[in-house]
Amino acid sequence: MPRRLGVIGYPVDHSISPAIHQAALDQLGIDARYERWAVTPEALPAWVATLRAPDVLGANVTVPHKEAVLPLLDELLPAARAIGAVNTIVNVGGRLRGENTDAAGFARALQEAGYQQPGGAVVLLGAGGAARAIAHALLEWGVDRLTIVNRHLPRAEALVSAMQARAGRVVIEACALASPSLDACLAACDLLINATSVGMRPGERILRPDQVPAGALVVDIVYNPPVTPLLADAAARGARTLNGVPMLVYQAALAFELWTGQPPPLATMFRAAHEALA
Ligand code: ATR
């Protein structure tokens, strides 16, 4: 029986997960189709119920369903529970298990980029679902200081409160994107991460070019375009840069392994991602 997989989102046209996963399935000779499933918030419960069918291996979950899907599942693995968001669902004999591979995917991308562990002052731009997973990964990583910056300050403060119990010796604080104190934080940071959606549309900048720290590793989780204005500004100032493609592929690879039990063909998945973005 051919098996099915898919990504649930709304909208979901922009997702390149189908290209990455189909290439991996084909490479390993697994008889399965990875589809794109546009599902409205109202239709989510009924759609998730269909994932219990025996021909479905599982699904990815993307914007805006990563949090809404939690109560529809039978079981959460530890990362999903700690982060409070699910990006991967596995159908285990009709029971739905939720996991979050975004945090581990981000950590692997950071490791491959040569960022030192542990330590460092980190500025994280954004306080949505993606930022939640990254903040979780950074606490596990063991940074010294984490500043969570958001356009709407209360959302950053809420994320800081949620992380505080697990922060240990990490100094964790919230800051508004428009705050005058942001410039000093940026100048002193070793790692800057954009986890907002700013940069997907041409010319969109989350920071002024002069705010971008020259001595930091600058990471943008936006992968399309591959070089966002933030990354172009960072490179022009001499900073090291990392775009969103490695995080995307590593989170996909971890999901693939959960569904199939097979080692993911990473080179094939990277090639498919680059082809889809070309
Ligand atoms: P995701 O799950 O992908 O993180 P999200 O939960 O909608 O998506 O979060 C989007 C993030 O991008 C938020 O941090 C949002 O800031 P607000 O909480 O203040 O809205 C940020 N964001 C989106 N558009 C922005 C813009 N034009 N300027 C600054 N921040 C923006």
Side-chain angles (χ1 to χ4, degrees), residues 7-17 38-41 44 59-70 79-80 82-89 98-107 109 122-138 146-163 172-183 185-186 192-209 211-212 218-225 228-231 233 243-245 247-248 250-252 255:
V7 53
I8 304 171
Y10 196 76
V12 76
D13 307 344
H14 67 281
S15 174
I16 66 166
S17 292
V39 179
T40 63
L44 186 67
N60 279 134
V61 184
T62 189
V63 178
H65 302 314
K66 286 186 181 180
E67 288 162 61
V69 81
L70 260 71
I83 295 164
V86 161
N87 78 328
T88 303
I89 300 173
E99 178 57 310
N100 190 311
T101 65
D102 285 333
F106 172 78
V122 183
V123 174
L124 174 61
L125 305 174
R132 265 187 114 78
I134 290 173
H136 174 84
L138 291 168
L146 174 60
T147 306
I148 298 178
V149 180
N150 205 43
R151 174 176 56 179
H152 298 110
L153 180 62
R155 209 171 172 199
E157 290 172 335
L159 180 51
V160 169
S161 306
M163 306 304 292
I172 175 166
E173 63 193 357
C175 180
L177 188 58
S179 166
S181 64
L182 177 59
D183 288 18
C185 276
L186 287 166
L192 167 66
I193 303 147
N194 176 41
T196 75
S197 47
V198 179
M200 292 172 81
R201 282 169 291 274
E204 243 183 4
R205 275 185 164 72
I206 187 76
L207 297 176
R208 296 188 316 272
Q211 287 181 299
V212 180
V218 179
V219 182
D220 203 327
I221 69 156
V222 172
Y223 58 81
N224 194 6
T228 59
L230 173 68
L231 293 185
D233 292 342
N243 75 9
V245 172
M247 175 182 171
L248 176 76
Y250 289 132
Q251 65 75 30

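Remember, it's 1-based here, ligands and their atoms both numbered in the order they're listed.
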task: Just jot down the side-chain hydrogen bond (donor to acceptor under 3.5 Å, both in side chains) partners of R201, sequence neighbours excluded, or say none.
output: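 Listed in chain order: E204.
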Tabulating one pair per line, provide the atom names and distances (0.1 Å) for every N/O atom of ligand 1 that is less than 3.5 Å from a protein N/O atom.
unit_1	atom_1	unit_2	atom_2	d
ligand 1	2 (O)	G129	N	3.3
ligand 1	4 (O)	G129	N	3.1
ligand 1	4 (O)	A130	N	3.0
ligand 1	6 (O)	G129	N	3.4
ligand 1	6 (O)	R155	NH2	2.9
ligand 1	14 (O)	A127	N	3.0
ligand 1	14 (O)	N150	OD1	2.7
ligand 1	16 (O)	N150	OD1	3.3
ligand 1	18 (O)	N150	ND2	2.8
ligand 1	18 (O)	R155	NH1	2.8
ligand 1	19 (O)	N150	ND2	3.1
ligand 1	19 (O)	R151	NE	3.4
ligand 1	19 (O)	H152	N	2.9
ligand 1	19 (O)	H152	ND1	2.6
ligand 1	20 (O)	R151	NH2	2.8
ligand 1	20 (O)	H152	ND1	3.4
ligand 1	27 (N)	R151	NH1	3.3

Residues forming a side-chain contact (heavy atoms from CB on, under 4.5 Å) with A82, sequence neighbours excluded: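 So A82 forms a side-chain contact (heavy atoms from CB on, under 4.5 Å) with H136, R166.
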- prompt: Any side-chain donor paired with an acceptor under 3.5 Å for D220 and N243?
  reply: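 Not at all, the side chains of D220 and N243 share no donor-acceptor pair under 3.5 Å.
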message: Strictly by side-chain hydrogen bond (donor to acceptor under 3.5 Å, both in side chains), give each pair with a member in residues 124-135 just once, sequence neighbours left out.
response: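 For residues 124-135, and leaving out neighbouring residues, there are no side-chain hydrogen bond (donor to acceptor under 3.5 Å, both in side chains) pairs at all.
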message: Taking the side chain as everything from C-beta on, heavy atoms only, tell me whether L186 gets closer than 4.5 Å to V212.
response: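 Answer no - side chains too far apart.
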- prompt: Are the side chain of N150 and the backbone N or O of R155 linked by a donor-acceptor pair below 3.5 Å?
  reply: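 Here the side-chain-to-backbone pair does not exist.
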